[in-house]
2 protein chains.
Amino acid sequence: MFQSVKLNKISENITEQIREAIFHGKLKPGDRLPIEKELMGKFEVSKGTIREALRSLEVLGFVDIRKGASGGTFVTEVDMNRVRDYFTNYLLFQNLSLTNLSEVRLILEPYIAEKAARLIKREDLKKLEEIVEQSEDTLNKGTSNKIEFHEFHRILGNISGNPILIFIVDFIEGLLIDTKNRLGAGNDFSIKVLNAHKRIYKALSKRDARGARIEMAKHVREVERNLVAIQKERRVGHYSRSVFGHF
Amino acid sequence: MFQSVKLNKISENITEQIREAIFHGKLKPGDRLPIEKELMGKFEVSKGTIREALRSLEVLGFVDIRKGASGGTFVTEVDMNRVRDYFTNYLLFQNLSLTNLSEVRLILEPYIAEKAARLIKREDLKKLEEIVEQSEDTLNKGTSNKIEFHEFHRILGNISGNPILIFIVDFIEGLLIDTKNRLGAGNDFSIKVLNAHKRIYKALSKRDARGARIEMAKHVREVERNLVAIQKERRVGHYSRSVFGHF
DNA sequence: CTATATTTGTACGTATGTATG
DNA sequence: CCATACATACGTACAAATATA
């Protein structure tokens, strides 16, 4: 299955081999790789080298490493969340503004809403209804978990059936979640979002494409307006200082 | 709400600290990190741990590790290309179709063209003109380097001034380049693209926002139509895992 | 060509977390 | 609840490869 090789960086080579095996379906999600000791034998390298390779695969999100009995290295479901998170943080530290974010949302989200209104199925509507109800519950309980708000948009993206669109929406919503967390938007804001989602849901349930598009556009603009206001009010603090000051 | 980050792994913790230092600008591109031995002292961990951390940062594209005398670990210019490639790989891994690609282009590109028509400056026009001329030259010489076509779209994206939009356009054009290469679109196709770009350029040079938008929309549709036709001819199916079918 | 600094790789140990009987 | 086996996590010491000056 694997070949023992000697090239530039051995650990990199091993990373590649395993990555390719995953891409080719030779290793499927859920599969467990051999334990370190066995890999040492198969690749004919030492433990440190194996560990560097596995760690690399881990940060790239290809495998999940668990320790303890019945632990080991497991091939994960392919998702780019891990890598994406590393860079969304970076983008937030760049000269990325709320306006930039909203501009892109305003291009995509109304389109997605309109398309969803045409393609939406009963089970999609049910899922959206559940999400809205859940949002309302957590909001009343004061536990205000804003993740549900973004789940609403993700579901709409999924209805589009376009993998690229789904990916971009995920990406954008991820950026927005980070932004909201930093700003610490309050309950009054959440209520507005909830009501907007209700209006969009209503339009979708009636298969009203135009209505869905218009409500979504209003919603995106409202979110921008409110977040910008919060941003002006509060001084946007930066993250705490790194322990890395002694360089 | 906030991820209770329990980093049970020391190496991960170190990766995180250095990453934050880079994001905060404490470590700038070109900076060299201390050598492994010193890092062992500063973080009070062993060499293996340090190396796992540095290797992680390397695969994420944050640092470049060079060996030999006056080698070491250097902070790299943060380029989104690295991440973009991972995203691209991920999407090609899905059953992505030409229609999916064109749908997203049709949402974004006309918008970008319209916005560009309003914001465009003399030097931007000059750059576009050069690109168009270059395309024509290489086309006449038969060397037909299609990269210039995509550069045209990238320049337009840059005029928007929105980092996210720029990122997405780069990403989409990257996917398209891959598609074209796979299909092997011929010269007749390239001529159509060139003419479309000329029409868009003309609209832009007149600051005709509506014209730019319309021409761009026509262009995107034409590209889709032609590529789909080629795809049918050659019976090249959707993307599949065979994309990675070269060991 | 010869030092030298630095990463790369090896070998073998202990510590820690986790499932299981 | 406890003991035990398993697998990763981490540590130490040393040898090799390699790029630079």
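Residue numbers begin at 1 in each chain, while the letters A, B, ... track the order of the sequences.
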*Step through it carefully: locate the ring centre of F152(A), locate the ring centre of Y201(A), and say whether they are under 6.0 Å apart.*
no

With a cut-off of less than 4.0 Å, is there a side-chain N or O of [X] near OP1 or OP2 of [N]?
{"X": "S70(A)", "N": "dC6(D)", "value": "no"}
{"X": "R51(B)", "N": "dT7(C)", "value": "no"}
{"X": "R55(A)", "N": "dA9(D)", "value": "yes"}
{"X": "S11(A)", "N": "dT8(C)", "value": "no"}

*Name all residues meeting the side-chain hydrogen bond (donor to acceptor under 3.5 Å, both in side chains) criterion together with E12(A); count only those two or more places apart in sequence or in a different chain, and write none if there are none.*
none

Rounded distance (Å) that lies between atom [atom2] of [N] and atom [atom1] of [X]:
{"X": "N13(A)", "N": "dT8(C)", "atom1": "CG", "atom2": "P", "value": "14 Å"}
{"X": "I10(B)", "N": "dA15(C)", "atom1": "CD1", "atom2": "C1'", "value": "11 Å"}
{"X": "E52(B)", "N": "dT7(C)", "atom1": "CD", "atom2": "C1'", "value": "16 Å"}
{"X": "L39(B)", "N": "dT6(C)", "atom1": "CG", "atom2": "P", "value": "12 Å"}
{"X": "L54(A)", "N": "dA7(D)", "atom1": "CG", "atom2": "C1'", "value": "12 Å"}
{"X": "I65(A)", "N": "dA7(D)", "atom1": "CD1", "atom2": "C1'", "value": "11 Å"}
{"X": "K9(B)", "N": "dT8(D)", "atom1": "NZ", "atom2": "P", "value": "11 Å"}
{"X": "F43(B)", "N": "dC10(D)", "atom1": "CZ", "atom2": "P", "value": "14 Å"}

*Quick check: are there more than 12 heavy atoms from other residues, nucleotides or ligands sitting under 6.0 Å from CD of E123(A)?*
yes

*Within a radius of less than 6.0 Å around CD of E77(A), do more than 12 heavy atoms belonging to other residues, nucleotides or ligands occur?*
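Incorrect, the count does not exceed 12.
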
*How about L128(A) and L156(A): do any of their side-chain heavy atoms sit closer than 4.5 Å?*
yes

*With sequence neighbours excluded, tell me which residues meet side chain to side chain contact (heavy atoms under 4.5 Å, CB included) with S56(A).*
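For S56(A) the side chain to side chain contact (heavy atoms under 4.5 Å, CB included) partners, ignoring immediate neighbours, are T15(A), R55(B), V59(B).
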
Restricting to nitrogen or oxygen on both sides, can you table the protein-nucleotides 13-19 of chain D pairs closer than 3.5 Å?
| unit_1 | atom_1 | unit_2 | atom_2 | d |
| --- | --- | --- | --- | --- |
| dA19(D) | N3 | A69(B) | N | 3.1 |

*Please tell me which of the listed nucleotides, dA19(C), dT6(C), dA9(D), lies nearest to the side chain of R32(B)?*
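So the side chain of R32(B) is nearest to dT6(C).
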
_Donor-acceptor side-chain pairing of E136(A) and N140(A) below 3.5 angstrom_ =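 Absent: no donor and acceptor within the cut-off.
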
